[in-house]
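Okay, structure first, notes after.
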Amino acid sequence: MKKYKRTLVTSALPYANGPLHIGHLAGVYVPSDIYTRYLRLQGADVISICGSDEHGVPITLKARQEGISPQAIVDRYHTLNKTAFEQFGITFDIYARTSSPVHYETASAFFLNLYNKNKFIEKTTEQYYDEEAGQFLADRYIMGTCPSCGYESAYGDQCERCGTSLSPTDLKNPRSTISGSKPVLKKTNHWFLPLEEYEPFLKTWILEEHKEWKTNVYGQCKSWLDQGLQPRAVSRDLEWGVPVPVEGARGKVLYVWFDAPIGYISATRELTPDWEKYWKDPETRLIHFIGKDNIVFHCIIFPAMLRAEGSYILPDNVPANEFLNLEGNKISTSRNWAVWLHEYLREFPGKEDVLRYVLCANAPEAKDNDFTWKDFQSRNNNELVAVLGNFVHRALVLTQKYFDGRVPVATNMTTNDKHTLEEIPSIRGRVENSLDLFRFREALNEAMGLARLGNKYLAEQEPWIVIKTDPERVKTILNVALQIAVNLSVLMEPFLPFSMKKLRGFLNVDNMVWDRIGEKDLLAAGHQLNKPELLFEKIDDEVIEKQVAKLHSNRLNNNRPGKAVAPAKPPVNYDDFLKMDIRTATILKAERIPKTDKLLKLKLDTGFDQRVVVSGIAGFFSAESIVGKKVLILANLEPRTIRGIESKGMILTAEDTDGKLLWIAPDETTGNGSVVK
RNA sequence: GGCGAGAUAGCUCAGCUGGUUAGAGCGCAUGAUUCAUAAUCAUGAGGUCCCGGGUUCAAUUCCCGGUCUCGCUACCA
């Protein structure tokens, strides 16, 4: 492997429209912090970069919902997330933000540079424009009738009722969500990065030269490259973001995917005047820690941008993790199915390391993993308390008891003693080997091996028995045990920084560098130790049960402000309402339409006829379960052919804030064909 | 529909370029021990390595087909 002079570690920029949860920590920030701490302990030249990603449409939408400015939103979450990281001991050298002046300047310059080098394609397209508000409308700002299911509050990018992905021009009766007015099509210019031009380069660089990347990363890149790359727009018509620094580009900002990765560069600039050394010297090793949802951006798109610019280095590795599930279900912000970091910090004060430990030991490195509170408890009680904490405690307490807390002198080392101490450098070697390959859970387990070794040593030597016959021998035994403990405090430092600091406090030693791990006399004979306390405490069943109960009750009364109900529609008159023929009906037959995910073909009895309706509800209801079901139907909706089947009318359902569909059903006793008014 | 990843002990996972008595941690059982937060140590039980074919002297490992889970993407327009 190539030798590098320095390392630049980046961690995915969290999007500043919500708080962080354990999935973020497990997937990205715990591994990146362990890695960075490890390099720092080695005395390597390393910096760790992160910050808030503060642009993009979801932030502006959230701001609008809450009636405050986008800046207020990002200020709130930037502060919240920055604090959470600090409290968990995730030590970034800088936690910057993409709304900072340095970032604006960096991103503009980056764009301008590519622009001047003719690296972009300029295209004119027609886009919806809100004349009242005087701005172009992002897809999400346009609502209208879904051409597929007739849902009237479909967004310009997707109909949330039938899940169809849309382009704004597909919508019937489009309206602006800003002013409610009817938008007009207007020509607008955008710039595109022609990714396909970089395809040959990317193929060589990734598929030939980076076969060592994790299989999930390599596989996804290969998939993209094999399918062929397309030009990607780098600008959007939006107010919130970095303005496109070109004449005549008013109201246009850099598209967030282009903007965000440059955030790594601007953060580095903000950190050090030496930033170019980290980004442009081929002797720097660049590592991106991300989650799997970010793979293409960091492995294909951002490298293409950097390559287009020309003077930047490219990532040497992108150790992307998979996703963490929670108690058997996907973590979901909108359903509030998550363990939020700010809440954990409040409810488990002083247990930051416990969560770090559990998330590392069970990190989703090769596949999605499940976090359960029970596992959290058992790892704490059976591993941190019973193995690590207990060993340290035994060694320290025995030393207090027999030698008043002074490190006894090792007089006569047996071969077994020597052999035990010689295990330390080999454990260190295995930990290093795993960390170098980004195998953090393996590294952690190897490191725990040292604590296990310590327990084993004490059990075999039985100093509490030997003390009665041969106190001299006990000196050596405890000396060995204490040397193991002090080595442990360095070896475990990247994983459990708070606890190891505490441990060094008990041992009354300063921070030590990684290179000293394996030395047999880190503690000199006669050195005075401090009174020990417990490193970890057991966690009771009730604490765990409380957390599980909290999780489930959150889900039940799911009325968080996260996802607001759809805004009110413009008024209609009574005549308009009367035009709609809504009837009660019964489902006579239902079958899946083959090769579709969502469509069911329904046969309905409306009282006055029997008809076929195609409905996008297969994701929620099975065909068998809905036969005989009473429903409401909009009977006079103009027929539409979907998948070659003529659909006459539309089944009415209610959509809750989760996007889940609920029946709007007439009472069981109602006959078919009753008019709804 | 296309693509990617995963499927190995009760649980969570390792097993690189084919040959191992198929491993680890936790859990479980038995025994030892009592310095330690009823913590520790030893021993042990537990696996048709998702299913079906194929290549091979030999397949958990390679190839083909299938099933299930997760993700990306397309279609449904």
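Throughout, protein chains are lettered first and strands after them, A, B, ... in sequence-line order, and every chain is numbered starting at 1.
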Considering only the [atom1] atoms, how many Å lie between [N] and [M], rounded to the nearest integer?
{"N": "rU8(B)", "M": "rC70(B)", "atom1": "P", "result": "15 Å"}
{"N": "rA24(B)", "M": "rA45(B)", "atom1": "P", "result": "12 Å"}
{"N": "rC63(B)", "M": "rG23(B)", "atom1": "C1'", "result": "27 Å"}
{"N": "rG25(B)", "M": "rG44(B)", "atom1": "P", "result": "13 Å"}
{"N": "rC62(B)", "M": "rG18(B)", "atom1": "P", "result": "8 Å"}
{"N": "rA39(B)", "M": "rU73(B)", "atom1": "P", "result": "48 Å"}
{"N": "rU30(B)", "M": "rC72(B)", "atom1": "P", "result": "48 Å"}
{"N": "rU34(B)", "M": "rC41(B)", "atom1": "P", "result": "16 Å"}

Subject >> Short side-chain N/O contact from Arg439(A) to OP1 or OP2 of rC16(B), under 4.0 Å >> reply: no

Subject >> Distance test, side-chain N/O of Asn382(A) to OP1/OP2 of rG27(B), below 4.0 Å >> reply: yes

**OP:** Return the residues of residues 527-548 of chain A meeting this criterion: a heavy atom under 4.0 Å from some atom of RNA chain B. Order them by number, or give none.
**Re:** Leu534(A), Leu535(A), Phe536(A), Lys538(A)

Original post:
Near RNA chain B, which residues from residues 442-456 of chain A have a heavy atom under 4.0 Å away?
Top reply: Glu442(A), Asn445(A), Arg452(A), Asn455(A), Lys456(A)

Using 4.0 Å as the upper bound for N to carboxylate O, is an ion pair formed by [Y] and [X]?
{"X": "Glu322(A)", "Y": "Lys367(A)", "result": "no"}
{"X": "Asp368(A)", "Y": "Lys292(A)", "result": "yes"}
{"X": "Arg504(A)", "Y": "Glu493(A)", "result": "yes"}

**OP:** Pull out every stem in RNA chain B, meaning runs of 3 or more consecutive Watson-Crick or G-U wobble pairs with both distances under 3.5 Å.
**Re:** B:1-7 with B:67-73, B:10-13 with B:23-26, B:28-32 with B:40-44, B:50-54 with B:62-66

**OP:** Just call it for Ala395(A): base, sugar-phosphate, or nothing, with non-hydrogen atoms closer than 4.0 Å on any strand.
**Re:** nothing

Original post:
Between Tyr218(A) and Trp464(A), which is nearer to the 5' end of RNA chain B once each is assigned its nearest nucleotide?
Top reply: Tyr218(A)

**OP:** Could you pick out which residue, Arg394(A) or Glu365(A), lies toward the 5' side of RNA chain B when each is mapped onto its nearest nucleotide?
**Re:** Glu365(A)

Measuring from the side chain of [X] (C-beta onward, heavy atoms only), which nucleotide among [options] has the closest atom?
{"X": "Val397(A)", "options": "rC35(B), rU12(B), rC26(B)", "result": "rC35(B)"}
{"X": "Lys401(A)", "options": "rA36(B), rU34(B), rU12(B)", "result": "rA36(B)"}
{"X": "Glu383(A)", "options": "rG6(B), rU40(B), rG25(B)", "result": "rG25(B)"}

[N] [atom2] sits how many Å from [X] [atom1], rounded?
{"X": "Leu398(A)", "N": "rC35(B)", "atom1": "CG", "atom2": "C1'", "result": "4 Å"}
{"X": "Asp375(A)", "N": "rG10(B)", "atom1": "CG", "atom2": "C1'", "result": "14 Å"}
{"X": "Gln400(A)", "N": "rA36(B)", "atom1": "CD", "atom2": "C1'", "result": "14 Å"}

Do you know the tightest heavy-atom contact between [X] and [Y]?
{"X": "Leu478(A)", "Y": "Tyr402(A)", "answer": "CD1-CD1, 4.0 Å"}
{"X": "Glu199(A)", "Y": "Leu225(A)", "answer": "OE2-O, 3.8 Å"}
{"X": "Leu13(A)", "Y": "Ala260(A)", "answer": "CD1-O, 3.3 Å"}
{"X": "Ala443(A)", "Y": "Val431(A)", "answer": "O-CG2, 3.8 Å"}

For residues 416-424 of chain A, which side-chain donor-acceptor pairs fall under 3.5 Å, sequence neighbours excluded?
{"residue": "Asp417(A)", "atom": "OD1", "partner": "Thr414(A)", "partner atom": "OG1", "Å": "3.3"}
{"residue": "Asp417(A)", "atom": "OD1", "partner": "Tyr457(A)", "partner atom": "OH", "Å": "2.7"}
{"residue": "Asp417(A)", "atom": "OD1", "partner": "Arg473(A)", "partner atom": "NH2", "Å": "3.1"}
{"residue": "Asp417(A)", "atom": "OD2", "partner": "Thr414(A)", "partner atom": "N", "Å": "3.1"}
{"residue": "Asp417(A)", "atom": "OD2", "partner": "Thr414(A)", "partner atom": "OG1", "Å": "3.2"}
{"residue": "Asp417(A)", "atom": "OD2", "partner": "Arg473(A)", "partner atom": "NH1", "Å": "2.8"}
{"residue": "Asp417(A)", "atom": "OD2", "partner": "Arg473(A)", "partner atom": "NH2", "Å": "3.3"}
{"residue": "Thr420(A)", "atom": "OG1", "partner": "Asn416(A)", "partner atom": "O", "Å": "2.8"}

Could you run down the sub-3.5 Å N/O contacts of the protein with nucleotides 70-72 of chain B?
{"residue": "rC70(B)", "atom": "O2'", "partner": "Lys292(A)", "partner atom": "NZ", "Å": "3.3"}
{"residue": "rC70(B)", "atom": "O2'", "partner": "Asp368(A)", "partner atom": "OD2", "Å": "2.4"}
{"residue": "rG71(B)", "atom": "OP1", "partner": "Lys330(A)", "partner atom": "NZ", "Å": "2.1"}
{"residue": "rG71(B)", "atom": "OP2", "partner": "Lys330(A)", "partner atom": "NZ", "Å": "3.1"}

Original post:
Can you name the residues that form a side-chain hydrogen bond (donor to acceptor under 3.5 Å, both in side chains) with Tyr29(A), not counting sequence neighbours?
Top reply: none

Regarding [X] and [Y], is there a side-chain donor-to-acceptor distance under 3.5 Å anywhere?
{"X": "Asn216(A)", "Y": "Gln220(A)", "result": "no"}
{"X": "Lys214(A)", "Y": "Asn321(A)", "result": "yes"}
{"X": "Arg394(A)", "Y": "Asn455(A)", "result": "yes"}
{"X": "Arg430(A)", "Y": "Asn445(A)", "result": "no"}

Original post:
Is it true that atom CD of Glu212(A) has more than 12 heavy atoms of other residues, nucleotides or ligands lying nearer than 6.0 Å?
Top reply: yes

Original post:
Since syn is defined as within 90° of 0, does rG46(B) count as syn or as anti?
Top reply: syn

Subject >> Mutual orientation of the aromatic rings belonging to Phe289(A) and Tyr35(A) [parallel < 30°, tilted 30-60°, perpendicular > 60°] >> reply: tilted

